[in-house]
Amino acid sequence: MLSSAAMSNAQVLTVPPEPQASADGIGNNDRAVHGGPELSIIVPTFNECGNVVELTNRIRDHLRDVSWEMIYVDDDSPDRTANLVRELAASDFRIRCIQRIGRRGLSSACIEGMLSSSAPYLAVIDGDLQHDERLLAQMLAELKTGTLDIVVGSRYSDGGGIGDWDAGRARMSRVAGRLSRTLVPDGLRDPMSGFFMLRRSAFDGALRNLSAIGWKILADLFASSQPPLRFKELPYEFRPRHAGDSKLDSLTLWAYAMLLVDKTIGHIVPVRFVAFSVVGAIGVGVHFAVLTLLFRFAKTPFVQSQAIATVVTMSFNFVLNNVLTYRDERLRGLQWLRGWLSFNLACGIGAAMNVGLATYLWQLSGKWYLAATAGIAAGAVWNYAVTKRLTWHDPSA
Ligand code: GDD
Ligand code: MN
């Protein structure tokens, strides 16, 4: 609800310019003033040059009676999808492009697209024509009945289908769906869908609880909403990709695991810290492997072996954290090198703190395992907190 001061400001801001007489009798300036669209269609894209023109044309054809806009959210695709979208936008004001630099992530792209819109209804659809755009008008009609918060395009409802997926991909989708059961309401048959439309109030209600990790924005929305979203599924047949390749890889699965962990214990401990600790634990194994190789087998002096094992382990941890923990803000090129340096620096200090604290506690209590655990924990928290800002420039808490 706008305050009265804000209302009067809004009125001042929206007063149209003085109409000027023109040949057709309509004030010229009035033409530039029009209300916002009723429906925003958010399209996340990464390398979809071969698809965006066709998708835009189909939406134009299909939604003739709806006031809509399309918001493409592109993560700086090397195939210059963003440039192509801007070309489309130059001849049609209903099309917009958000281009994100140095970022990746389907969910966060969708969220930022929705945040940039003022429409009362928000849809998300893939940019590769696998989702059936002909469902959009029906989704809108369903939402307008007023009894629903969200309408989901569903491959697993009667009449829907998964198209040409091979057995492996179909199994993966089903397993992922089952894993999400604790997060989404019973009865939702396609929680892994990336095709849906919701009312703005539903999005606003979930917004601050969203994890925005990985690909599964729909499951995230359901898990973040209180009260639960009132939903309906509409069946559709998942189509083959129009052009280009899928961006799904094995790391998508990892991102999904991060989402599940965040939704389960994220309010207690940040999921990135959990990932960072998992990587650290694997790093301990790497350290001992290198140490054994050098010290036991190659007969290198202990101090040298330990020093080399430490640098190898820090580099290993950096590479793995860059790919797993900070996948959405992954460093590349020169930034990668700078990141590696700052990571080693921070973790070097962390290691010194670890040894210092452990030694102190050991002398104090005589309990070596407690002292060592406290040292490791303090080092891990330090490493995480410092590299998060220094290496990956991540401002979140
Ligand atoms: N902005 C952005 N950033 N877009 C991305 C990214 C990214 O990092 N990764 C993928 N996309 C875009 C693609 O360009 C495409 O438009 C859409 O997200 C889906 O990606 P695909 O690579 O085509 O994924 P898929 O076909 O394997 O899986 C899709 O369909 C499933 C079934 O509906 C995804 O939408 C899944 O979320 C969905 O469950
Ligand atoms: Mn696809």
Side-chain angles (χ1 to χ4, degrees), residues 41-56 59 70-82 84-85 96-116 123-133 135 152-157 160-166 168-170 172-177 179-180 184 188-196 212-222 233-256 259 326-330:
I41 303 162
I42 320 294
V43 192
T45 56
F46 192 76
N47 284 345
E48 301 292 2
C49 240
N51 296 318
V52 293
V53 175
E54 178 64 21
L55 177 64
T56 309
I59 297 278
M70 283 181 94
I71 305 172
Y72 284 93
V73 188
D74 185 71
D75 283 348
D76 206 19
S77 302
D79 77 351
R80 302 164 71 81
T81 304
L84 182 56
V85 171
R96 291 202 276 134
C97 177
I98 297 177
Q99 185 176 9
R100 308 194 303 171
I101 311 292
R103 306 267 308 280
R104 280 298 300 274
L106 184 66
S107 288
S108 62
C110 295
I111 293 165
E112 280 164 46
M114 293 193 244
L115 282 171
S116 83
V124 171
I125 187 168
D126 283 355
D128 58 1
L129 298 141
Q130 292 203 268
H131 296 156
D132 192 339
E133 71 288 339
L135 225 57
V152 177
S154 174
R155 297 158 296 168
Y156 300 118
S157 296
I162 55 172
D164 67 346
W165 271 3
D166 59 42
R169 176 79 207 256
M172 204 164 95
S173 172
R174 276 198 308 272
V175 171
L179 283 173
S180 75
V184 300
L188 179 64
R189 296 173 83 166
D190 195 356
M192 296 297 107
S193 175
F195 181 30
F196 55 89
I213 298 170
W215 288 41
K216 295 301 155 195
I217 175 67
L218 182 70
D220 198 356
L221 274 167
F222 271 100
E233 288 179 90
L234 297 180
Y236 80 99
E237 178 83 21
F238 198 61
R239 296 186 295 219
R241 195 171 231 286
H242 183 68
D245 301 310
S246 169
K247 280 74 209 181
L248 191 93
D249 56 25
S250 47
L251 290 178
T252 315
L253 229 58
W254 165 264
Y256 183 55
L259 173 65
Y326 294 98
R327 175 166 158 69
D328 49 347
E329 297 164 34
R330 194 151 150 192

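Keep in mind that this is a model prediction, so the values were computed, not measured. Numbering of ligands and ligand atoms starts at 1, following listing order.
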Checking the N or O distance criterion of under 3.5 Å, is ligand 1 in contact with [X]?
{"X": "Asp74", "answer": "no"}
{"X": "Asp75", "answer": "yes"}
{"X": "Arg104", "answer": "yes"}
{"X": "Asp126", "answer": "yes"}

Note to self: Between Asp220 and Ser107, is there a side-chain donor-acceptor contact under 3.5 Å, judged purely by atom types and distance?
What the structure shows: no
Next item on the list: Check the side chains of Asn51 and Glu48 for a donor-acceptor pair under 3.5 angstrom, ignoring hydrogens and angles.
Entry: yes
Check: Which of parallel (below 30°), tilted (30 to 60°) and perpendicular (above 60°) describes Tyr236 and Phe195?
Finding: perpendicular
Heavy-atom pairs closer than 4.0 Å: do any link ligand 1 to the side chain of [X], the backbone, both, or neither?
{"X": "Phe238", "answer": "side chain"}
{"X": "Ala109", "answer": "side chain"}
{"X": "His131", "answer": "side chain"}
{"X": "Val73", "answer": "backbone"}
{"X": "Lys247", "answer": "both"}

Closest non-hydrogen protein atom to [atom], residue and atom name please, with distance?
{"atom": "atom 12 (C) of ligand 1", "value": "Pro44 O, 3.4 Å"}
{"atom": "atom 13 (C) of ligand 1", "value": "Glu48 OE2, 3.1 Å"}
{"atom": "atom 36 (C) of ligand 1", "value": "Lys216 NZ, 3.3 Å"}

Notebook entry, point to check: Which protein N, O or S atoms lie under 2.8 Å from the Mn ion (ligand 2)?
Noted result: Asp128 OD2, Gln130 OE1
Ligand 1 atoms in contact with [X] (distance to a heavy atom under 4.0 Å):
{"X": "Gly105", "value": "3 (N), 7 (C), 8 (O)"}
{"X": "Met192", "value": "38 (C), 39 (O)"}
{"X": "Ser246", "value": "22 (O), 24 (O), 25 (P), 27 (O)"}
{"X": "Asp128", "value": "23 (O), 26 (O)"}
{"X": "Gly127", "value": "15 (C), 16 (O)"}
{"X": "Arg169", "value": "27 (O), 28 (O)"}
{"X": "Gly194", "value": "33 (O), 38 (C), 39 (O)"}
{"X": "Arg241", "value": "21 (P), 22 (O), 23 (O)"}

Check: Within a strict 4.5 Å, meaning less than it, do heavy atoms of the Leu188 and Pro191 side chains meet?
Finding: yes
Checklist line | Heavy-atom check, side chain of Arg330 versus side chain of Arg104, under 4.5 Å | finding: no
Going by heavy atoms, is [X] under 4.0 Å from ligand 1?
{"X": "Trp215", "answer": "yes"}
{"X": "Arg103", "answer": "no"}
{"X": "Arg100", "answer": "no"}

Notebook entry, point to check: Is it true that atom CZ of Arg80 has more than 12 heavy atoms of other residues, nucleotides or ligands lying nearer than 6.0 Å?
Noted result: no
Can you name the side chain to side chain contact (heavy atoms under 4.5 Å, CB included) partners of [X], sequence neighbours left out?
{"X": "Ile162", "result": "Arg155, Tyr156, Trp165, Ala170"}
{"X": "Arg100", "result": "Val73, Asp75, Ile98, Arg103, Ser108, Ala109, Glu112"}
{"X": "Leu115", "result": "Ile111, Phe203, Leu207"}

Next item on the list: Could you tell me whether Arg327 and Asp249 have a side-chain N and a carboxylate O separated by less than 4.0 Å?
Entry: yes
Notebook entry, point to check: Within the side chain of Thr81, is there an N or O that forms a donor-acceptor pair under 3.5 Å with the backbone of Phe46?
Noted result: no
Margin query: Between Asn47 (side chain only) and Asp79 (backbone N and O only), is there a donor and an acceptor less than 3.5 Å apart?
Written below: yes
